[in-house]
Amino acid sequence: MLVNETAEKIKNMEIRGAGRIARAAAEALRDHAAASTERSAEAFRAEMERAAGQLVATRPTAVSLPNAVHIVMTSLEKARSADEAREGLIRRADTFISSSQTAVQKIAEFGSRHLRDGDTILTHCNSEAALSCIIAAHRSGKEISVIATEVRPRNQGLITIRTLNSAGVRTSYIVDSAIRSFIHEVDLVIVGADAVTVNGAVVNKIGTSQLALTAHEARVNMLVAAETYKFAPRTILGELIQIEERPPDEVLPDEIARTLPLVKVRNPVFDVTPAEYVDLIITEAGAIPPQMAYVIIRDYLGWGIDEFHKTFEFNHRYDE
């Protein structure tokens, strides 16, 4: 798929979900590299950086997107020719796509162990990683039922209930504001993440933080399923994750909004759940308490201080 087409689909949420977005970006860079006719390493690198910048600019909150782009683009650093750079980038992109898919399988294996026979699970939004845990538990023979939220205003919950229905999992579908009414029927909450900060805070679909607060009040454990490439290394340096706000017409149609000149519609896509409301984060490296997020960034992802400076410079070029 062309970079322009992929960027547009990510921006318009035709491609959604942090993992799917990351893989789509890697695929677009791979295909763009394969189609490039540039003959010098310098020209090829400049062309690929423009393509990378276009992709990164589409969704400011999803850390998986710039992380995936960074992982793929670092293959260009030591290339001495356009052919070497092209081959290295394609190889790195294929490796990332494969490892991303494997990560979900490992998360399913680890996460399903925390789901007990007879549990009722509450989930919010459409997380590939979170659903993989539920479906893996179901396939292992555990009797699992799910309560899934609608997820206003884009109704991602509809994708979730279709996925669970196809997998044979009994599911109840509720509006977002009914969470507190049903929390005492719930044994465990499991959600995905768009980003995990160095202190273990979780950035995810709007409504996750109020779900976490409700679960905490009811003493229901909350698990977050997240691939390691969703951890945000630059938060170590104090950088805040930008919370995307989408067009108001997703919430209120323009024809109605025009009749309400004093009304301003706010449509943030994500919110931040404090680490103290999260019991475990399930990654492909294993299940960790949120306080260990720094260890994942430092040891598992291997980000040293030199890498932070290079990443800052790399992303700064995208902003220019």
Side-chain angles (χ1 to χ4, degrees), residues 13 16-21 59 61-62 104 107-108 111-112 114-115 119-138 144-196 201-226 230 243-246 250-252 265-274 277-282:
M13 295 182 68
R16 64 178 77 180
R20 299 183 194 96
I21 288 172
R59 298 295 301 275
T61 304
V104 174
I107 288 170
S112 63
H114 295 272
L115 277 61
D119 272 354
T120 296
I121 311 299
L122 176 58
T123 192
H124 181 61
C125 202
N126 178 242
S127 163
E128 183 181 20
L131 292 182
S132 73
C133 300
I134 295 169
I135 293 170
H138 170 74
I144 300 293
S145 63
V146 175
I147 298 175
T149 53
E150 180 186 24
V151 194
R152 287 277 296 151
R154 298 289 299 229
N155 295 340
Q156 287 98 326
L158 186 57
I159 305 172
T160 292
I161 62 173
R162 285 172 176 161
T163 301
L164 292 170
N165 187 72
S166 296
V169 179
R170 292 183 296 109
T171 307
S172 298
Y173 190 45
I174 64 172
V175 297
D176 300 346
S177 53
I179 283 174
R180 199 170 188 277
S181 297
F182 287 92
I183 195 64
H184 294 292
E185 299 179 19
V186 172
D187 299 294
L188 188 70
V189 174
I190 183 165
V191 298
D194 283 82
V196 180
V202 172
V203 179
N204 195 48
K205 179 59 61 181
I206 191 76
T208 302
S209 62
Q210 65 186 19
L211 167 56
L213 178 59
T214 302
H216 182 74
E217 178 192 47
R219 297 185 178 180
V220 174
N221 284 347
M222 180 161 179
L223 307 186
V224 173
K230 294 179 182 176
I243 300 298
E244 177 184 359
E245 190 154 347
R246 292 187 62 80
E250 292 183 351
V251 178
L252 192 67
V265 177
R266 302 297 303 274
N267 186 20
V269 186
F270 306 99
D271 59 26
V272 181
T273 298
Y277 294 156
V278 177
D279 292 282
L280 281 177
I281 301 176
I282 313 295

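Source: prediction; values computed, not measured. Side chains are part of it too, since the values below use all heavy atoms of this structure and drop only hydrogens, waters and symmetry mates.
Side-chain atoms of L122 and F182, non-hydrogen and from C-beta on, never get closer than 4.5 Å to each other. Taking the side chain as every heavy atom from C-beta outward, D194 and K230 never approach each other to under 4.5 Å.
Note that CZ of R162 and CG of N126 are 11.0 Å apart. Values are rounded to the nearest 0.5 Å. Between I183 atom CD1 and H216 atom NE2 the span is 12.5 Å, to the nearest 0.5 Å. The distance from the CZ atom of R170 to the CG atom of L164 is 12.0 Å, given to the nearest 0.5 Å. Between the CD atom of Q210 and the CG atom of D271 there is a distance of 7.5 Å, given to the nearest 0.5 Å. Taken to the nearest 0.5 Å, the CD1 atom of I179 stands 8.5 Å off from the OG1 atom of T208. I159 contributes atom CD1, which lies 12.0 Å from atom CD of E128 (distance to the nearest 0.5 angstrom).
Looking at every heavy atom in both residues, S112 comes nearest to C133 through CB-O, 3.6 Å. Closest heavy-atom contact between A193 and V224: CB-CG1, 3.8 Å. Residue A130 comes nearest to G192 through the heavy atom pair CB-N, 3.9 Å, listed as atom of the first residue, atom of the second, then distance. V220 and D279 get closest at one heavy-atom pair: O-OD2, 4.4 Å.
T120 places no side-chain N or O within donor-acceptor distance of the main-chain N or O of S145, the cut-off being under 3.5 Å. Under the 3.5 Å distance criterion, the side-chain polar atoms of H124 are matched with a main-chain donor or acceptor of I206. Looking at S127, its side chain never comes within 3.5 Å of a backbone N or O of C125 through a donor-acceptor pair.
Residues satisfying the side chain to side chain contact (heavy atoms under 4.5 Å, CB included) criterion with H114, sequence neighbours excluded, are L223, L280, I282, A287. Every residue two or more places apart in sequence or in another chain that forms a side chain to side chain contact (heavy atoms under 4.5 Å, CB included) with S132 is listed here: V104, I107, A108.
In summary, E150 and R152 do not engage in a salt bridge, as defined by a charged side-chain N under 4.0 Å from a carboxylate O.
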